[in-house]
Protein chains: 2
Amino acid sequence: MSAKEFPAPAAAPAARRSDTTRTAILTAARERFAADGYERATIRSIAKDARIDPSMVMRYYGSKEGLFAAVLDVDLRLPDPDGLDPHEVGRTLVGHFLDLWEENEVLTVLLRVGVTNPDGAARMQAIFRDQLMPVALRVCPDPEQAPARAALTSSQVLGMAMARYVLRFPPAVALPREEVVAWLAPTVQRYLTAPHP
Amino acid sequence: MSAKEFPAPAAAPAARRSDTTRTAILTAARERFAADGYERATIRSIAKDARIDPSMVMRYYGSKEGLFAAVLDVDLRLPDPDGLDPHEVGRTLVGHFLDLWEENEVLTVLLRVGVTNPDGAARMQAIFRDQLMPVALRVCPDPEQAPARAALTSSQVLGMAMARYVLRFPPAVALPREEVVAWLAPTVQRYLTAPHP
DNA sequence: CTGGACTGTCAACAACTGTTGGCCTACGAT
DNA sequence: ATCGTAGGCCAACAGTTGTTGACAGTCCAG
């Protein structure tokens, strides 16, 4: 479900005259979805941000849900499980997620919408299952425990993202990045590699 | 802003004939807000659940936001900071929050709406500030670090609630209660009492 | 130059929203 | 028994939403 064209000319990714409009819509949609969530982000407001007519959104993305799906095309780009040091996996993951969250708003969209929209929740489940689980499978002692350990890890990572980037708890926002890593890395490390308590 | 009557007869909490309707509305609203979030939970659907007319909601709670505020009257009922064992604070808090989350849907409402609605986020900030901070102030070594430690604690607690009760990650749901406590308690204990890393 | 496809605008639709006011009913004090 | 009042329902409002179709300008191949 990649964010491609809709009229779909066979399989030619030839540059189109309307590509600038397409990406303008996508950018505006990402910002609006991140700021307002799925329901409150209206097609009209997105269109106004992108300086185009609301009907263009329909033409290029079919529907609001289509646009939404295009925005939610997320790749966590987690490091290759085989290539990472099992003793540093906590620090590595926490740092990587902080990077992801700060580089753009896609994950904010995902979180904000995953909480309200059932499809969003399913998408979020899929992303964490497909992308975080392999890492857990690689580094945790007993493969059978991998799902639980991945869930624990995601809970801490999501929770910090929630407090810091979505709810913006002042102390969580004020915490310097390296301190967040210093506090969270041992937690994640323990969730993934420590013996079952 | 307690969930009281609206026409407000002086200050008499006398039982009213309409109290059953009022609580029916409040219960239905809590469920609908929890299930659908603020925007998608319509007054009409809440009224239908409560088997009354939509206009009754307006009469008793003034507006959708008024109803929402009544639902969000949350008391975490955290244990008295003075009365708890500093060495068991992690286990105590995690257990308490799991209880809270499972006993009714208010916290789900709060979380779901805090993520989408700015007012909800402010409400959530206030709740955690007013109710979790005192505990942190009591048990953490340096009072100056209390806000950061409270934020860290809330991140882990919120994250688990998110994964387990909102997004419903299957492995997080499957985890037995005592295992959640066993994994999270040391984390919270460390966030609150361990020396700064 | 001409045809057709592409890009864009405008106006309108139908559905749904929160909200309001009028009206009827039934209780409870007098 | 009566009468004020609180409880409840109905119909309608104005605004907003996603979505659609007709229409106009623009590009490029023939």
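The sequence lines fix the lettering, A, B, ..., with proteins before strands; numbering per chain opens at 1. Side-chain atoms are counted along with the backbone in the values below, which use heavy atoms only and exclude waters and symmetry mates. The model shown is predicted, which means the values in this text are computed figures rather than measured ones.
A salt bridge does not link A/E105 with A/R30: none of the charged nitrogens is closer than 4.0 Å to a carboxylate oxygen.
Residue A/A41 is classed as a sugar-phosphate contact, given heavy-atom separations below 4.0 Å to backbone atoms only.
Below the 3.5 angstrom threshold, one finds no donor paired with an acceptor across the side chain of B/T42 and the base of C/dC16.
Taking atom OH of A/Y60 as the reference point, atom C1' of C/dG8 lies 7 Å away to the nearest angstrom. Here the P atom of nucleotide C/dT9 and the CE atom of A/M58 are 16 Å apart, to the nearest Å. Atom-to-atom, CZ of A/R32 to P of D/dT17 comes out at 11 Å; the value is rounded to the nearest Å. One can place CZ of A/R22 at 11 Å from P of C/dC6, the figure rounded to the nearest angstrom. If you take CZ of A/R40 and C1' of D/dT16, they are 14 Å apart, rounded to a whole angstrom. Per the geometry, CD1 belonging to A/I25 stands 11 Å off P belonging to C/dT7, to the nearest Å. What separates CZ of B/R51 from P of D/dG7 is a distance of 21 Å, to the nearest Å. One atom, OH of B/Y61, and another, P of C/dG18, lie 17 Å apart when rounded to the nearest Å.
The phosphate of C/dG8 has OP1 or OP2 within less than 4.0 Å of a side-chain N or O from A/T21. Under 4.0 angstrom from either OP1 or OP2 of C/dC6 there lies no side-chain N or O belonging to A/S18.
For A/S55, counting side-chain heavy atoms from C-beta on, the closest listed nucleotide (C/dT19, D/dG21, D/dC9) is D/dG21. Of the candidate nucleotides C/dG8, C/dC10, C/dT19, C/dT19 has the atom nearest to the side chain of B/K64. For B/M56, counting side-chain heavy atoms from C-beta on, the closest listed nucleotide (C/dT9, D/dG8, C/dG21) is D/dG8. Among the nucleotides C/dC10, D/dT19, C/dG22, the one closest to the side chain of B/R59 is C/dG22. Comparing C/dG18, D/dG7, C/dC10 against the side chain of B/I43 picks out C/dG18 as the nearest. Of the candidate nucleotides D/dG18, C/dC10, C/dT19, C/dC10 has the atom lying nearest to any side-chain atom of A/D53.
Considering only heavy atoms from C-beta on, B/D99 comes within 4.5 Å of B/R177 through its side chain.
Nearest-nucleotide positions on DNA chain C for A/I52 and A/R44 put A/I52 closer to the 5' end.
For A/S18 and A/R22, the side-chain atoms include at least one donor-acceptor pair closer than 3.5 Å. Side chains of B/T187 and A/R190: a donor-acceptor N/O pair is present below 3.5 angstrom, by distance only.
Listed for the B/E39 side chain is no donor-acceptor partner under 3.5 Å among the backbone atoms of A/E39.
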